[in-house]
2 protein chains.
Amino acid sequence: MQFSSKLAIATHILLVIAEFSDKEKITSEFISSSTNVNPVIIRNMLLKLQDAKIIQTKAGVGGSELTKPLNKITMRDIFYAVEEDKDLFKFHANPNEDCPVGRNIHKLLDKRFDNAKEVMFDELSKITLDQLKIELDKLIKK
Amino acid sequence: MQFSSKLAIATHILLVIAEFSDKEKITSEFISSSTNVNPVIIRNMLLKLQDAKIIQTKAGVGGSELTKPLNKITMRDIFYAVEEDKDLFKFHANPNEDCPVGRNIHKLLDKRFDNAKEVMFDELSKITLDQLKIELDKLIKK
DNA sequence: TTTAGTTGTAATGATAAATATTACAACAGA
DNA sequence: TCTGTTGTAATATTTATCATTACAACTAAA
């Protein structure tokens, strides 16, 4: 009853790239050791982040870099890069069409669920990688 | 990567009670046939709705009724009655504490995830059973 | 006080989703 | 050509969700 860890992992990945890609080659192995997530999972996420044009990865030689300025990447972008755009809440599969409630439950709830989802993603869209990196750098310096 | 169907089912249950409890005895079997969800699952949800003082159920003889006026029951209340209060987004389990990013990823994201969750539940708190029943009755009359 | 129908509850099973693992071909540069 | 890496498939493991079976406890009515 909650979202997967993909958003947290993808954000972690991008912060590692933002923080270290000028000094080191950021391989899936490197990211795997920072996140403790299997390197194949990381590679699949790197592919999705590439599809979303958030990073580019050098095949063969290896290493990933950001393709956009940090303030142009929001957590909403990251979410949609790595997760599918499903509805926020699931429904029971076969409500009884012969019952007035069963027949109308989707009509009643669909738009309201969508709305709840929308305000949540609006919040996520206000968070940029930029803000996260500034806060991270403060935490590191202490 | 989404919420379970518990909220939709629980809302369905309460609407069935609101709509029919004056005319018929609302048993778990009755609700099961309207939702097409297993009666034991329904009974467990009825228990949680009882704990939350949203309904009362007659043991032995059977039948459930609402204990509050419809405009005092929000979808936020229903959610918390039947779902656990987990975080909205999961995290990867063991980020590397020796990496500056791994060490700080929770500090960076926890409050932001909580905030996104909060605005979503604020939206759910604006939806009352009352509103749903009025809309449902309109749909039924057509 | 027995009967019938229902709830409360445990235990187990089935299904689906998330994550991990193994394996290897394709690639790029040294 | 060698080395390290990515891209990708296939499979396995783990976890969560939902369904099912079973039955004791309860309540009212016969």
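Reminder, nothing fancy here: chain letters follow the sequence lines and each chain counts from 1. Since the structure is predicted, the reported quantities are computational estimates derived from the model, not experimental observations.
- Taking atom CG on Asn36(A) and atom P on dT19(C), their separation rounds to 14 Å, with Å as the unit.
- Looking at Asp77(B) and Lys53(B), no side-chain N of the basic residue comes within less than 4.0 Å of a carboxylate O on the acidic one, giving no salt bridge.
- In this structure, CZ of Arg43(B) is placed 10 Å from P of dT6(C), rounded to the nearest angstrom.
- Gln56(A) has its CD atom 19 Å from the P atom of dT5(D), to the nearest Å.
- Taking atom CG of Asn44(A) as the reference point, atom P of dT19(C) lies 12 Å away to the nearest angstrom.
- Partners of Thr57(A) under the side chain to side chain donor-acceptor pair (under 3.5 Å) rule, at least two apart in sequence or in another chain, are Gln50(A), Ser64(A).
- Evaluation of the salt bridge (charged side-chain N to carboxylate O under 4.0 Å, His left out) test over residues 10-37 of chain A, restricted to residues two or more places apart or in two chains, returns Glu19(A)-Lys133(A).
- Summarising the geometry, the separation between NZ on Lys86(B) and P on dT15(D) is reported as 12 Å, rounded to the nearest angstrom.
- Counting only heavy atoms from C-beta on, Ile41(B) has its side chain closest to dA19(D) among dT8(D), dT21(C), dA19(D).
- Going from atom NZ of Lys48(B) over to atom C1' of dC18(D) covers 12 Å, rounded to whole Å.
- Contact check on Arg112(B) versus Glu135(A) returns a salt bridge, with a Lys/Arg side-chain nitrogen under 4.0 Å from an Asp/Glu carboxylate oxygen.
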Identify the pairs formed between an N or O of the protein and an N or O of nucleotides 25-30 of chain C at a distance under 3.5 Å, and give each distance.
none

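- The aromatic rings of Phe3(B) and Phe79(B) sit perpendicular, their planes meeting at an angle over 60°, well past the 30° parallel limit.
- Between the CZ atom in Phe113(B) and the NE2 atom in His106(B) there is a gap of 9.5 Å [rounded to 0.5 Å].
- A search for side chain to side chain donor-acceptor pair (under 3.5 Å) contacts involving Asp122(A) returns nothing, not counting sequence neighbours.
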Anything under 3.5 Å between a protein N or O and an N or O of nucleotides 10-16 of chain C, put it in a table, one pair a line.
none

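- Residues in residues 36-67 of chain A take part in no ring pair (Phe, Tyr, Trp, His ring centres under 6.0 Å) pair, two or more places apart or across chains.
- To the nearest angstrom, P of dA23(C) lies 13 Å from CG of Asn38(A).
- An OP1 or OP2 oxygen of dT7(C) is reached within less than 4.0 angstrom by a side-chain nitrogen or oxygen of Ser28(B).
- Using a 4.0 Å cut-off between charged side-chain N and carboxylate O, Asp85(A) and Lys117(A) make a salt bridge.
- Taking atom CE of residue Met45(B) and atom C1' of nucleotide dT7(C), one finds them 16 Å apart after rounding to whole Å.
- Of the two residues near DNA chain C, Glu29(B) and Val37(A), the one whose nearest nucleotide lies more 5' is Glu29(B).
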